[in-house]
Amino acid sequence: MVNMIENVKQEIREVVEKALVRASGAGEIPPVQIQEVEVEIPREKDHGDFSTNVAMQVTKLVRKPPRQTAEIIIKNLSLENTYIERVECAGPGFINFHLNNNWLFDTLKAIQAEGENYGRISMGEGKKVMVEFVSANPTGPLHMGNARGGALGDCIASVLEAAGFDVTREFYINDAGNQIEKFGISLEARYIQLLKGEDAVPFPEDGYHGEDIVEHMRNFIAQNGDRLLNLQPLERRRELVKYALEKNLEKMKNDLESYGITYDVWFSEQSLYDSGELQETLDYLQDKGYTFEKDGALWFKASQFGAEKDEVIIRNNGIPTYFASDIAYHRNKFIKRGFDRVIDLLGADHHGHVARMKGAVAALGIDADKLDIVIFQLVRLYRNGEIARMSKRTGKAISLADLLEEVGRDAARFIFNTKASGSHLDFDLDLAVQQSNDNPVFYVQYAHARICSLLRLLEEDGIQVPEASGADLTLLQKKEEIELLKKLAELPEEIRIAAQTLEPSRLTRYVQDVASLFHSFYNACRVKGEEEGLMKARLVLVDATRTVIRNVLGLIKISAPERM
RNA sequence: GUGCCUGUAGCUCAGCUGGAUAGAGCAACGGACUUCUAAUCCGUUGGCCGGGGGUUCGAAUCCCUUCAGGCACGCCA
């Protein structure tokens, strides 16, 4: 659980805080109370390894020019037993810290010691978090929106795990309500049509017209014949829905599995009806006076809780809306199951749900900040430079299964995580399968394979990766070695920020940077055949790079091939 | 009409809880393999950060306004 960047920042914070106290004690500046000294890594290498803007922040309190304050702070710094080698005042009043490289060598030792756990942090303190994602309507196949939401949600979950949260991945099955009703009517119509001819019964206008419905009924009849014809429609539909839903769920489970996603819980919406939780929730809201009746329907006063308008929760036909069961569902998540935090992923077309859902959570007496709703923008597919809507093979809308078949799991997961969730994403199908340097997936995997190849070759000569403590790491001096090392040191910090912002796309960028710096190193420095001390030090570095690449790829569940 | 998201290099995007000279990849151009994988590397070119106001020591970043694109505004989910 080492986060060397955080350690060094903390060291600098402490040293600066002490200097402030000392300076005010000596009467050089008035006493200043500062919440936390901000320490950052400057963009420009000339500006040191770390810097702080504290002198500028206190400029009003101190009533001196920032540069002068900075000089006073610097004068009072006590740098014994720190990584800090040199300090200077620069620009409008920044204090820049130049470190000796020992912190990087310590990082290397930490990477070797922690191995596959390097990067993990304890930020989450074991708190229970649920990530609910995809939760696609089980009436049809998974589409591109589900594909992005799936990659995103699964990686958010992984990032939170790495950050020390106790994560549950959950899929909410919409197996109740209106669309299931429609599903049943559609299945039934096809069932009768298949048995008694197209004209026997009209197909409902607003039904599901997809070929998959017909397909289900064909299979059902092959297995079960026409025995449902004599049943009451309600009974008949129930059987057909049960059959088709099971098939659809199985297909979804399989598709998601081959996409690398395994859920801890598949949660049924219907179960909220059956357990009485839905009714309990509605009673609660009514008791609290958070509802009112209008036009024969029951409404939730969402506008009292920050939403734009009120929402119907029980229709005038007595049937609860989707929103009603979603409120009960969130009550279940927080209260029945005690999650400290819940994260829902929704496509941009559902963003209208955010304010009212948060409002509902607040109405339940739960801190609405415990619910994060991540909205991701929708996907546009490109092929041959043009927007691709249809699958080449099936001629229908491209499904997750089609995508996996065409570009594979690694490329799909990686590319869906290259952009921030709020950004629109253009997915270039041609690029995703290209085995070239244009393709970021291969670029990173190639770096890993290259490292493995190098280690393999040395091993054939009887040379192993040495213990970091037994190698003279100070021999690592070249620019390419140091740059790579610094990047490796950033992994825990990257995970911290990715967990905080719920943006796994940081990690795909990060691992590309690692790969890039490794390739630069590889071209500038030899390992095999070098003088033994240097070779050993570089071996430790190369092995640590492999660990970092593998850990990140493992986190986003992308393969790290040893040969390419 | 109202709300949300987006607008940064030719293209795809970072940077957005304010910091120093706005970054990366691709594309374009010029280089590097007798030596560990050239699926690689090195260098060069490329920017009124959509426009206009404001806040401040300082704005791509915060506020207002305006333009453009996407999405949503249902007793659908």
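Throughout, protein chains are lettered first and strands after them, A, B, ... in sequence-line order, and every chain is numbered starting at 1. Source: prediction; values computed, not measured.
For the side chain to side chain contact (heavy atoms under 4.5 Å, CB included) with A:R148, the lone residue among A:I415, A:V134, A:L425 that qualifies is A:L425.
Look at the P atom in both B:rA22 and B:rG69: the space between them is 31 Å, to the nearest Å. Rounded to the nearest Å, the gap between the C1' atom of B:rG50 and that of B:rG70 is 16 Å.
Checked against B:rG15, B:rG19, B:rU40, the side chain of A:R509 finds its nearest nucleotide in B:rG15. Out of B:rC36, B:rC42, B:rA39, the shortest distance to the side chain of A:R526 is found at B:rC36. Taking only side-chain atoms of A:N523, from C-beta outward, the nucleotide of B:rA77, B:rU37, B:rU40 with the closest atom is B:rU40. The listed nucleotides are B:rC75, B:rG19, B:rG15; the one nearest the side chain of A:R315 is B:rC75. With B:rU21, B:rU40, B:rC36 as the candidates, the nucleotide lying closest to the side chain of A:H519 is B:rU40. Looking at the side chain of A:D349, the nearest of the listed nucleotides B:rA77, B:rC41, B:rA72 is B:rA72. For A:P42, the listed nucleotide lying nearest its side chain is B:rA20; candidates were B:rC36, B:rA20, B:rC73. Here the nucleotide nearest the side chain of A:Y446, chosen from B:rC36, B:rG19, B:rA38, is B:rA38. Distances from the side chain of A:N96 to the nucleotides B:rC73, B:rA20, B:rC36 place B:rA20 closest.
At the heavy-atom level, A:D426 lies under 4.0 Å from the strands shown only through sugar-phosphate atoms. A:A90 comes within 4.0 angstrom of a base, heavy atoms only. Within the nucleic acid shown, A:K309 comes within 4.0 Å of sugar-phosphate atoms alone, with no base atom in reach, counting heavy atoms only.
Remark: the A:N178 side chain and the B:rC76 base include no donor-acceptor N/O pair separated by less than 3.5 Å. At a cut-off of 3.5 angstrom, the base of B:rA14 holds no donor-acceptor pair with the side chain of A:D513. Judged by distance alone, with hydrogens and angles left aside, A:H353 brings no side-chain donor or acceptor close enough to the base of B:rA77 to form a pair under 3.5 Å.
B:rG43 is paired with B:rC29 under the criterion used here, namely a Watson-Crick or G-U wobble arrangement in which both key atom distances are under 3.5 Å. If you check B:rG3 for Watson-Crick or wobble pairing at under 3.5 angstrom, you find it paired to B:rC71. With a cut-off of 3.5 Å on both pairing distances, B:rA22 has no Watson-Crick or G-U wobble partner at all. Using N1 to N3 plus N6-O4 or O6-N4 for Watson-Crick, or N1-O2 and O6-N3 for G-U wobble, each under 3.5 Å, B:rA38 pairs with nothing. Pair check for B:rA9 finds none; no Watson-Crick or G-U wobble contact set falls under 3.5 Å. Base pairing of B:rU55: no nucleotide in any strand meets the Watson-Crick or G-U wobble criterion (both distances under 3.5 Å).
Of the possible polar contacts, none joining the A:Q464 side chain to the A:P466 backbone as a donor-acceptor pair under 3.5 Å is found.
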Do any N or O atoms of the protein come closer than 3.5 Å to N or O atoms of nucleotides 3-6 of chain B, and which pairs are they?
| residue | atom | partner | partner atom | Å |
| --- | --- | --- | --- | --- |
| B:rG3 | O2' | A:E308 | OE2 | 3.4 |
| B:rG3 | N2 | A:H351 | NE2 | 2.6 |
| B:rC5 | O2' | A:Q377 | NE2 | 3.1 |
| B:rC5 | O2' | A:G422 | O | 3.0 |

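Ring geometry for A:F292 versus A:W299: interplanar angle under 30°, hence parallel rather than tilted (30 to 60°).
The cationic atom of A:R380 (NZ for Lys, CZ for Arg) does not lie both less than 6.0 Å from the six-membered ring centre of A:F427 and within 45° of the ring axis. Cation-pi geometry between A:K182 and A:Y208 is met: the NZ or CZ atom falls under 6.0 Å from the ring centre, inside 45° of the normal. With A:Y329 as the aromatic partner, A:K333 meets the cation-pi criteria of under 6.0 angstrom to the ring centre and within 45 degrees of the ring axis.
B:rC33 takes the syn form, because its glycosidic angle lies no more than 90° either side of 0.
The side chain of A:Y443 contributes no N or O atom lying less than 4.0 Å from OP1 or OP2 of B:rA24. For A:S51 and B:rG19, the shortest distance from a side-chain N or O to OP1 or OP2 is not below 4.0 Å. The side chain of A:R450 contributes no N or O atom lying less than 4.0 Å from OP1 or OP2 of B:rA39.
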Anything under 3.5 Å between a donor and an acceptor, one on a side chain of residues 494-501 of chain A, the other on a protein residue two or more places apart or in another chain? List them.
| residue | atom | partner | partner atom | Å |
| --- | --- | --- | --- | --- |
| A:E494 | OE1 | A:R506 | NE | 3.0 |
| A:E494 | OE1 | A:R506 | NH2 | 3.4 |
| A:E494 | OE2 | A:R506 | NH2 | 3.3 |
| A:R496 | NE | A:E493 | OE1 | 3.3 |
| A:R496 | NE | A:E493 | OE2 | 3.4 |
| A:R496 | NH2 | A:E493 | OE2 | 2.9 |
| A:T501 | OG1 | A:I497 | O | 2.7 |

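When all heavy atoms of A:A151 and A:N417 are compared, the pair lying nearest together is O-ND2, 3.4 Å.
Each of A:C525 and A:N317 lies near RNA chain B, and the nucleotide nearest A:C525 is the one positioned closer to the 5' end. Looking at which nucleotide of RNA chain B each of A:A348 and A:S516 is closest to, the 5′-most match is held by A:S516.
Ring-base stacking between A:H350 and B:rA77 is satisfied, the centre separation being under 5.5 Å and the plane angle under 30°.
Residues A:F133 and A:F171 keep their aromatic ring centres 6.0 Å or farther apart.
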